[in-house]
Amino acid sequence: MSNFHPQPSIAIVWGSSTGYTEEAAQLLHEILKHRVDVCVDIGDISVVELQEFDVLIVGASTWHVGELQDDWDACFDDLEKLDLKDKIVALFGCGDAYGYPFTYQDALGILWERFEVQGATLIGRWPTEGYEFEESRALTPDGKQFVGLALDEHDQSQLTQQRLASWARQLEEELATLAERRPAVVASR
Ligand SMILES: Cc1cc2nc3c(=O)[nH]c(=O)nc-3n(C[C@H](O)[C@H](O)[C@H](O)COP(=O)(O)O)c2cc1C
């Protein structure tokens with residue numbers, strides 16, 4: 001990433017089939033309200049509009065055993081058109097570790113694989129401690145973290161609010177660190 005704004009425009013963009021990821025997106029929006037420009041269903045925005053934001057906080061649940069939630073699936077091919085080399089992406093998702101232990105949170109991995117190819121910088125990795133699952137496509141290369149925040153409304157719903165609050169703080173810290181590391185670029189904008 002070569003360009004970063006100290007007060008970046010931020011979009012929360014989510015896809016949700018039964019409302020869990022939508023609810024998480026709204027909670028996150030409440031927490032980060034002062035920083036977030038829009039909180040929108042991916043079904044209600046065109047993919048090219050995503051490029052208007054410096055930071056995309058992307059929410060997606062996993063469905064059909066290891067597949068993307070339907071609204072993300074519907075626009076997935078269009079994501080190839082995006083130039084995200086100056087953009088930051090953070091991911092959060094809802095899954096079910098007990099019901100789908102071999103494809104837990106795969107949607108986050110599928111989306112990050114695409115966003116990475118399009119040049120995005122990832123923030124918001126999240127440790128796997130405290131989760132019980134067998135396999136996930138959403139792991140970092142060292143296998144120690146998820147590529148984003150994993151929420152589980154079926155098995156660990158009591159942790160959701162606390163996880164979202166901690167993750168939101170983490171995102172703010174990571175964004176502040178990125179801004180500090182690029183003073184010359186920041187000054188030029
Ligand atoms: C048919 C079906 C398939 C699912 N497949 C997965 C899966 O592969 N991995 C996973 O972590 N969760 C899986 N889930 C669980 C959903 O991701 C979970 O219910 C989630 O909370 C849905 O969020 P949403 O309402 O935002 O779409 C599946 C659920 C159903 C009903």
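Order of listing sets the numbers, starting from 1, for every ligand and every atom in it.
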Just to verify, what does Arg35 make a salt bridge (Lys or Arg N to Asp or Glu O under 4.0 Å) with, not counting sequence neighbours?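 Scan of Arg35 (salt bridge (Lys or Arg N to Asp or Glu O under 4.0 Å), adjacent residues dropped) gives Glu172.
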
Does the distance from a Lys or Arg side-chain N to an Asp or Glu carboxylate O, for Arg137 and Glu113, drop under 4.0 Å?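 Looking at Arg137 and Glu113, the cut-off is met.
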
Between Lys85 and Asp83, is there a salt bridge with N-O shorter than 4.0 Å?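 Yes, charged N to carboxylate O under 4.0 Å.
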
Sorted by chain and number, the residues that approach ligand 1 to under 4.0 Å with a heavy atom: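 Within 4.0 Å of ligand 1, the protein residues are Ser16, Ser17, Thr18, Gly19, Tyr20, Thr21, Ser61, Thr62, Trp63, His64, Val65, Gly66, Cys94, Gly95, Asp96, Tyr100, Thr103, Tyr104, Gln105, His154.
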
Residues two or more places apart in sequence or in another chain: which of them pass side-chain contact (heavy atoms from CB on, under 4.5 Å) with Val48?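 Per chain and number, Val48 pairs via side-chain contact (heavy atoms from CB on, under 4.5 Å) with Ser46.
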
Quick one: side-chain hydrogen bond (donor to acceptor under 3.5 Å, both in side chains) partners of Trp167, sequence neighbours excluded?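 With neighbours one apart ignored, the set is empty.
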
Within the 4.5 Å heavy-atom criterion, are Leu68 and Thr62 side-chain neighbours or not?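 Sidechains of Thr62 and Leu68: no contact.
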
